[in-house]
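Inspection log for the structure reproduced underneath, given as structure tokens.
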Amino acid sequence: VMQSSTVLFAYEYPPVPGGIARLCAELCTVYRKHRFNVCVLTQRCDSPRSQTEPSDVRVSPERLKREWSAFQWLRKQPRDIPVICGVWYPEGLVALLSGATRRVILAHGSELLPPVERWRRPFWAVLQRWVLESADLVVANSEYTRKIVLAVAPNARVEAIPLAVDHERFTPGDRISAKRRFDLAGKRVICTVSRIQRY
């Protein structure tokens, strides 16, 4: 495996769907576009839509086996290699336990909320605080998420960096033809670009 200047460690990575996977893929694209040497550490997916390079590392998708494989791989890397973790758990925890000394954790929101199972909450809170506060930086996707990070890990070094938009891909189009296309002429339209999930 090639020596990398940065590791992007994210199990949620294309072709896995979702916002975190998309964000991690876009980060990797920008790194590589600007010729940064980045290696993606993710789980194996048997899909032709996989976006990893031949030099990237894909581990088993089975729980526990994937964490153990990622831990073993990280242990073989230089301790000071920067590791960007897609979420605090399990990636942030695995990176911390592996001895990686330079860790950045991406914070999105829902993964910071308490687990549904009440018996897990005290242990989870201690683990979450330890992982977040030991990171060099936690990057929150909004000011709201930054406040959640500080609520669960008051001593975390956290910065809010709002998500960017690819202005070449997402550009305003012709509203009249769009309304016609979706049969919305004369109708009031409300749109939300988010997930609605009960907690």
Side-chain angles (χ1 to χ4, degrees), residues 6-59 61-63 66 84-92 104-116 128 132 137-152 158-199:
T6 302
V7 174
L8 176 62
F9 181 18
Y11 293 129
E12 293 187 51
Y13 194 84
V16 172
I20 295 172
R22 177 74 184 200
L23 172 63
C24 290
E26 291 296 330
L27 280 174
C28 187
T29 298
V30 169
Y31 263 88
R32 288 176 173 161
K33 180 179 179 182
H34 293 284
R35 305 211 184 280
F36 284 98
N37 188 12
V38 62
C39 174
V40 175
L41 173 58
T42 189
Q43 62 186 340
R44 192 169 53 251
C45 288
D46 299 325
S47 170
R49 293 180 12 231
S50 170
Q51 296 184 9
T52 52
E53 298 289 321
S55 58
D56 291 338
V57 178
R58 284 201 179 258
V59 296
E62 296 175 44
R63 291 302 303 261
R66 73 177 184 177
I84 301 171
C85 302
V87 289
W88 80 269
Y89 179 86
E91 292 95 317
V104 173
I105 297 174
L106 305 180
H108 313 279
S110 63
E111 83 283 6
L112 300 167
L113 300 178
V116 175
Q128 189 176 52
L132 292 170
L137 180 65
V138 178
V139 178
N141 63 11
S142 67
E143 185 60 28
Y144 174 77
T145 303
R146 186 184 77 81
K147 289 176 183 175
I148 296 175
V149 171
L150 291 174
V152 299
V158 59
E159 293 290 335
I161 302 177
L163 298 173
V165 174
D166 181 347
H167 64 90
E168 292 176 357
R169 181 174 179 202
F170 297 101
T171 57
D174 181 10
R175 290 182 178 191
I176 295 170
S177 64
K179 286 182 177 182
R180 212 174 312 141
R181 178 177 167 204
F182 294 106
D183 192 27
L184 298 173
K187 296 179 183 175
R188 182 168 293 177
V189 178
I190 299 174
C191 175
T192 177
V193 183
S194 64
R195 173 178 54 192
I196 299 174
Q197 186 170 342
R198 186 182 188 120
Y199 290 100

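Model, not experiment: these values are computed from the prediction. Residue numbers count from 1 along this sequence. Below, each value reflects all heavy atoms present in this structure, side chains not excepted, and no hydrogens, waters or symmetry copies.
From R22, atom CZ reaches atom OG1 of T29 across 8.0 Å, with rounding to the nearest 0.5 Å. Between the CG atom in L163 and the OG1 atom in T145 there is a gap of 8.5 Å [rounded to 0.5 Å]. Rounding to the nearest 0.5 angstrom, the gap separating the CG atom in L27 from the CG atom in L106 is 6.0 Å. To the nearest 0.5 angstrom, R58 atom CZ is 10.0 Å from L41 atom CG. Remark: L113 CG to I148 CD1 distance equals 5.5 Å, nearest 0.5 Å. Atom CG of L132 and atom OH of Y89 lie 13.5 Å apart (nearest 0.5 Å).
Minimum interatomic distance between V158 and A140 (heavy atoms only, all atoms of both residues): CG2-CB, 4.1 Å. Scanning all heavy atoms of the two residues, the minimum distance from G86 to C24 falls at CA-SG, 4.1 Å. Residues D56 and C39 share a closest heavy-atom pair of OD1-CA, 3.5 Å. Closest of all the heavy-atom pairs between E111 and Q128 is O-NE2, 3.7 Å. What you find for T42 and A10 is that their closest heavy atoms are OG1-O, 2.6 Å.
Inter-residue side-chain proximity for L112 and W88 is flagged as met; some heavy-atom pair is nearer than 4.5 Å. Side-chain contact between P61 and R66: absent, with no pair of heavy atoms (C-beta onward) separated by less than 4.5 Å. Inter-residue side-chain proximity for V189 and F182 is flagged as unmet; no heavy-atom pair is nearer than 4.5 Å. Taking 4.5 Å as the limit, some side-chain heavy atom of Y31 sits within range of a side-chain heavy atom of T6. The shortest side-chain heavy-atom distance between V38 and I84 does not fall under the 4.5 Å cut-off. Residues V40 and R32 meet the side-chain proximity criterion, which asks for heavy atoms closer than 4.5 Å. Between E91 and Y11 there is a side-chain heavy-atom pair separated by less than 4.5 Å.
Residues satisfying the side chain to side chain donor-acceptor pair (under 3.5 Å) criterion with E168, sequence neighbours excluded, are absent altogether. For D174, the side chain to side chain donor-acceptor pair (under 3.5 Å) partners at least two apart in sequence or on another chain are S177. Partners of R63 according to the side chain to side chain donor-acceptor pair (under 3.5 Å) rule, which considers only residues two or more places apart in sequence or in another chain, are E67.
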